[in-house]
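We name chains A, B, ... by the order of the sequence lines, and we start the count at 1 in each one.
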Number of protein chains: 2
Amino acid sequence: MQTSVSLRERKRIDTYRSIHEAAAELVLDRGLTNVTVDEIVERAGVSARTFFNYFPTKEDAVVGLRTPELTDELLASFRSQLGDDLLSGAVELLAAVIGTALIPGDDPVRRKELTVEYPELRKRFMMRISDAERLALQAIEEQPESLPNSPEAARVLTALAAAVIRFTYQSQPGSVTSSNKETLRQGIATFREVLRSAL
Amino acid sequence: MQTSVSLRERKRIDTYRSIHEAAAELVLDRGLTNVTVDEIVERAGVSARTFFNYFPTKEDAVVGLRTPELTDELLASFRSQLGDDLLSGAVELLAAVIGTALIPGDDPVRRKELTVEYPELRKRFMMRISDAERLALQAIEEQPESLPNSPEAARVLTALAAAVIRFTYQSQPGSVTSSNKETLRQGIATFREVLRSAL
DNA sequence: GCATAATTGTGCAGAACTGCATAAAGTGCA
DNA sequence: TGCACTTTATGCAGTTCTGCACAATTATGC
């Protein structure tokens, strides 16, 4: 019997995890600036070069962030609920894409602890939101029939969804994942309300 | 007769300019990755350490960006026009704050050329928008009487203004300065229109 | 299975940046 | 002017990160 993922893929995930675990534990223990990449890679059992093959920065390794991606499932789920509520759909798509950047099996409580303590780590998270925004824009642009009749509609909607995510993340750091729909719904509602009176 | 700025201040501006000039010219000539900081500082006549005292990254030096600030004049101007249109006021404030990050006397045409050609440089510009956003938020939070009646109104409004700026900048790179009010007005209008139908 | 192709891991050289200690230059005041 | 005080410039050591070349590992077709 063959497992659904290849040996390569499993090893890859393992490497992601072991680097991330080593990084997060060391940083929680001794502080972000008191831990070097050399120490992390020694504990994780890989070379420094490999470290940077997996994570572009030390901060990404600590938070456990990799490049987000837009899977076919996410696209399909986005399309199926598009009729209901455009903004909510866009926000949920974006949150889901961001979710793909979190390395599987990490501890959300620890991630929250880390991001609350270190502004640098929050910054990295914000950058991943920008990456995800680019991906979401592509998806949204492919659905012109569902959008308001403006050539810029997709970009405005995406920008707005990203603003909602950033806003929500700042209120509740660590809360932006697709699993946390209630918090997102709350953020959307607050946004909508203020928008109505400010427009 | 004493000039209004101190000798120190003048020298500081000169150093900013000479580093930025050297960086921009070399990069236009040979490309971003083919120019080293060492080459820039040699042309500018300062040490490498001084380079990083003035600009946090090579990219910032090339674009000519320093830390934005919120001056008393900007604050006053923002307050005086707040009654008219909340969103426009916020966008203009933000654009003005971003304007303070541009080093004085640089060439906007060249800046546009550079940011169009190099995504890295656009990214740096975007980061400065985030910095400016933080400053603008402070200013907006100080005017609770002008805002919709919600504790989150200031943050939503700021996030929205930043979204408009990012949107406009992506449409017209290099166009986001306080002097370019027409482009900003256009961006706000587009945003507003889409928002109305998406809410 | 085995040869071959595609990925992934590693070492190394070099560029980007930071903290810290010290020298140089500008400022204010007796 | 001369002298303390503050700000700015520099050197240096050390960390982060990248491109490139090559070795090791995994996948693929026969």
Rounded off to whole Å, could you give me the [atom1]-to-[atom2] distance for the [X] and [N] pair?
X	N	atom1	atom2	result
B/Arg49	D/dA13	CZ	C1'	12 Å
B/Ile40	C/dA15	CD1	P	13 Å
A/Asp14	D/dT26	CG	C1'	15 Å
B/Leu26	C/dA15	CG	P	15 Å
A/Lys58	D/dT18	NZ	C1'	18 Å
B/Phe52	D/dC12	CZ	P	17 Å
B/Asn53	D/dG11	CG	P	12 Å
B/Asp38	D/dC12	CG	C1'	14 Å

Result for 5'-nearest mapping on DNA chain D, choosing between A/Ala48 and B/Ala48, is B/Ala48

Taking 4.0 angstrom as the limit, do [X] and [Y] come out as a salt bridge?
X	Y	answer
A/Arg30	A/Glu39	yes
B/Arg128	B/Asp60	yes
B/Asp85	B/Arg192	yes

Respond yes when some side-chain nitrogen or oxygen of [X] is under 4.0 Å from OP1 or OP2 of [N], and no when none is.
X	N	result
A/Tyr54	C/dG9	yes
B/Thr50	D/dA9	no
A/Thr15	C/dT8	no

Closer to the 5' end of DNA chain C via nearest nucleotide, is it B/Lys11 or B/Phe55? B/Phe55

Given C/dG9, D/dA9, C/dA25, the nucleotide with the shortest approach to the side chain of B/Arg8: C/dA25

Out of C/dA16, D/dC17, C/dG26, which nucleotide sits closest to the side chain of B/Thr36? C/dA16

Taking the six-membered ring of A/Tyr54 as reference, does the NZ or CZ atom of A/Arg66 fall below 6.0 Å from its centre and within a 45° cone about the axis? no

Does A/Arg12 get its side chain close enough to the base of C/dG9, under 3.5 Å, for a donor-acceptor pair? no

Touch class at under 4.0 angstrom, heavy-atom based, for B/Val35 against every strand present: sugar-phosphate

For a quick check under 3.5 Å, do B/Thr50 and B/Asn53 share a side-chain donor-acceptor pair by atom type? no

